[in-house]
Participant: 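I'd like to ask you about the structure that follows.
Order of the sequence lines sets the chain letters (A, B, ...), proteins ahead of strands, with each chain counted from 1. All of these numbers come straight from a predicted model, not from anything done at the bench.
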There are 2 protein chains.
Amino acid sequence: MAHATIRDVARAANVSIATVSRALNGHGNVRANLREHVQSVAAALGYVPHTGARSLSLARTNAIGVMLPDLHGEFYSEALRGIDAEASARGLQLLLSNMHGDQRGTETLRFMRGRVDALIIMAPDIDPERLLAHLPASLPTVLISCPDVSADHPQFRIDNVAAADAMVEHLVASGRRRIVHLSGPRGNRDAEERIAGYSAAMTRHGLSPRVLTGDFEEESGTAAAQALLGDTERADALFAANDMMAIGALVVFQRAGLSVPEDIAVAGFDDIPLARFVTPALTTMRVGIAEIGAEAVSRAAAILAGESDTEIRWVAPQIKARASTIGGAA
Amino acid sequence: MAHATIRDVARAANVSIATVSRALNGHGNVRANLREHVQSVAAALGYVPHTGARSLSLARTNAIGVMLPDLHGEFYSEALRGIDAEASARGLQLLLSNMHGDQRGTETLRFMRGRVDALIIMAPDIDPERLLAHLPASLPTVLISCPDVSADHPQFRIDNVAAADAMVEHLVASGRRRIVHLSGPRGNRDAEERIAGYSAAMTRHGLSPRVLTGDFEEESGTAAAQALLGDTERADALFAANDMMAIGALVVFQRAGLSVPEDIAVAGFDDIPLARFVTPALTTMRVGIAEIGAEAVSRAAAILAGESDTEIRWVAPQIKARASTIGGAA
DNA sequence: ATCGCAAATGTAACCGGTTACAGCAAGAGC
DNA sequence: GCTCTTGCTGTAACCGGTTACATTTGCGAT
């Protein structure tokens, strides 16, 4: 049996649809016993309002669209967790759409029009023109770690340059010299900035930068570590641009009989939950992506409430120095 | 500026809204050059169809509602990842709604009516009457690990009893006798069934069951391990009802100077990605929740395509014996 | 030029709600 | 008893699309 509509309720209760709407939405100007009658009829029919229709006439959906690259690995899952926590606290639903690496993904943004009140986009490796072309005109949109496409949108930007620089400082301070960087994919904003910060710090210390290119997946950490094992003069530190690559490398080093951090230090980036649990615990830069996600929802909600916000909010990652870089497992 | 509507396009192109609709949706019966004209006008105006309105008249949303307990910990994140992968492969969007432990969460199901074509519900600790009361009548709904409320819905059920039994067998086979079970919260279906399987196997071997009650969170693993450390005759194996509790306990044991698995074996349940990475790697039961999530989407899609499906599909977890229970770190 | 028919286009109803405005009844004030 | 308010209820327009059906157009055949 199909769902009952407001007209079915009106007919069964012998009132007009306007009255049903008012009675069920608590609009005050309905006689008390009539209101109760309508409510009981609605309950008896198992009436549930059609949210789609409702939001069409209200021009309000109580939903936020979320666009992420993918859900692989803990990083974006953590982001989504933070978004979700804040959204449900505010009674908002989430409409999810992942780009899965392919640039076509932006087109799914079109399908969000009319279904959401605001948008949260996290897309570090999207083509700027593409993003700009698909960015909806009349929808509050919070950008997290996206290319610079507009000064009109509230943004979160991670200070990758300073953070990567700080990580090199940490490694140099603990006596490392041959520090290799395993980067994320070219074209990814976070990846490029981390390379820049790494290179600047290396150069400042008179060390020569060496960058291997990875793709943020565990396997590319595995591959990079195997490559390093073959070197005649082996690196004494590997700084990976995210935690999963660092962990992939860590496992390979240990399996090859090297001890971490004595033979080689390993550091990551992001501080995903997993980082604390590997042995030795992984040194990394804490980004706090779940908190950023939650805050993004708050900013979107504030804009919906009428505030204006075009601020670029900078996030400064914090170093988490753990056993994978600081020797003497004291 | 507000978004352009189909009427704006029609006016600007000097045609009727019907023609615009047909031209943009590729309905064939539009003169070729008129179609192009309409398309260029639409592009010039930055017209994007209002998906909400579209799905109201089509009675089709191309979205699936997903209801999970929460996104804490990797288990449900993995489930969502599987669901998401299959959904985007099929061009479906996901509308997310978490219950966050409180039973009120089911009410958010109401807000899904009219917004989604089908529903996937994973709710091992929901009150059956509540679930039944809020289960929408006319929406394909796939249940994963839910209480028995209906024979009319496609379901996935995890064979927790057999799996917990098998884990006890594994521990007994490796010489353990004082095997303690750290359960999930009372009222949670998975938790109760794992207790049952554990108890049955223990009794069969003439061993006395001992169950500590946890809540599936890491902290309750920590607490349980601390409690066990105080025992005079200490347990020689801890079988936790999920991986996070097992890992919490593992850390405490090691910090207290015990060696795992020599002094005490530790086993979990779920095989979350993290389980492979702790040291020693965690023995666990692989549920394959991401695959289940993906399959749930496929079943929902099949029902939407007209198939009928009221099958209860049983999932048999596979044991992953790793170093946390099998001695001799060979 | 006229007719017939197929193809293209327009008109209007519909999806399921909300709400401005109109209508109506009852009570207050004279 | 009559008018004026006040407050409840109903009618109908609207949100932005789709599409059945009616109408117009274009073209070939006569």
Participant: Under 3.5 Å, side chain of B:S88 to main-chain N/O of B:D84, donor-acceptor pair present?
Facilitator: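 Yes, because the side chain of B:S88 sits within donor-acceptor range (under 3.5 Å) of the backbone of B:D84.
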Participant: What's B:R60 touching, base or sugar-phosphate or nothing? Going by heavy atoms closer than 4.0 Å.
Facilitator: nothing
Participant: Identify all side-chain donor-acceptor contacts of residues 40-53 of chain A below 3.5 Å with residues at least two apart in sequence or on another chain.
Facilitator:
{"from": "A:S40", "atom 1": "OG", "to": "A:H37", "atom 2": "O", "distance (Å)": "2.9"}
{"from": "A:H50", "atom 1": "ND1", "to": "A:G52", "atom 2": "N", "distance (Å)": "3.3"}
{"from": "A:H50", "atom 1": "ND1", "to": "A:A53", "atom 2": "N", "distance (Å)": "2.9"}
{"from": "A:T51", "atom 1": "OG1", "to": "B:F111", "atom 2": "O", "distance (Å)": "3.1"}
{"from": "A:T51", "atom 1": "OG1", "to": "B:R113", "atom 2": "O", "distance (Å)": "2.8"}

Participant: On DNA chain C, which is the earliest and which the latest nucleotide, 5' to 3', with an atom closer than 4.0 Å to a heavy atom of chain B?
Facilitator: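 In short, chain B contacts DNA chain C from C:dA8 to C:dG17.
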Participant: Looking only at non-hydrogen atoms, find the nearest pair between A:M67 and A:T108 and report the distance.
Facilitator: CE-OG1, 4.2 Å
Participant: List in numerical order all residues of residues 30-44 of chain A for which some heavy atom is under 4.0 Å away from an atom belonging to DNA chain D.
Facilitator: A:V30, A:R31, A:L34
Participant: Indicate yes or no for a side-chain donor-acceptor contact from B:E192 to the backbone of B:G187 under 3.5 Å, with no hydrogens or angles considered.
Facilitator: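 Present.
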Participant: Taking the basic N atoms (NZ, or NE/NH1/NH2) and the acidic carboxylate oxygens, is any pair closer than 4.0 Å for A:E307 and A:R299?
Facilitator: no
Participant: Can B:D148 and B:R157 be counted as an ion pair, charged N to O under 4.0 angstrom?
Facilitator: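 Here B:D148 pairs with B:R157 in a salt bridge, since their nearest N and O are under 4.0 Å apart.
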Participant: Test your reading of the model: is there a side-chain donor-acceptor pair from A:R189 to the backbone of A:P124, 3.5 Å cut-off?
Facilitator: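 No, because the side chain of A:R189 does not come within donor-acceptor range (under 3.5 Å) of the backbone of A:P124.
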Participant: Any base atoms under 4.0 Å from B:A59, or only sugar-phosphate, or nothing? Heavy atoms, all strands.
Facilitator: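 Result for B:A59 = nothing.
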Participant: Looking at A:Q93 and B:S97, would you say the former's side chain and the latter's main chain have a donor-acceptor pair under 3.5 Å?
Facilitator: no
Participant: So what does B:S21 hit on the nucleic acid, given a heavy-atom distance under 4.0 Å: a base, only sugar-phosphate, or nothing?
Facilitator: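 Here B:S21 touches the bases of the nucleic acid.
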Participant: Would you kindly give the CG-to-P distance between B:N29 and D:dT23, to the nearest whole Å?
Facilitator: 19 Å
Participant: Bend across the helix from C:dA1-D:dT30 to C:dC30-D:dG1, to 10°, with axes taken over 5 pairs at each end?
Facilitator: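 The angle, to the nearest 10 degrees, is 60°.
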Participant: Quick one, which residues of residues 51-58 of chain A touch DNA chain D with a heavy atom under 4.0 Å?
Facilitator: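 Heavy-atom cutoff 4.0 Å gives A:L56, A:S57.
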Participant: Tell me which pairs pass salt bridge (charged side-chain N to carboxylate O under 4.0 Å, His left out) where either residue lies in residues 133-142 of chain B, with sequence neighbours left out.
Facilitator: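 Found none.
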Participant: Mark yes or no for whether B:T141, through its side chain, and B:L139, through its backbone, hold a donor-acceptor pair below 3.5 Å.
Facilitator: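 Yes: the side chain of B:T141 pairs with the backbone of B:L139.
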Participant: Any Lys/Arg nitrogen of B:R81 or B:E78 sitting under 4.0 Å from an Asp/Glu carboxylate oxygen of the other?
Facilitator: yes
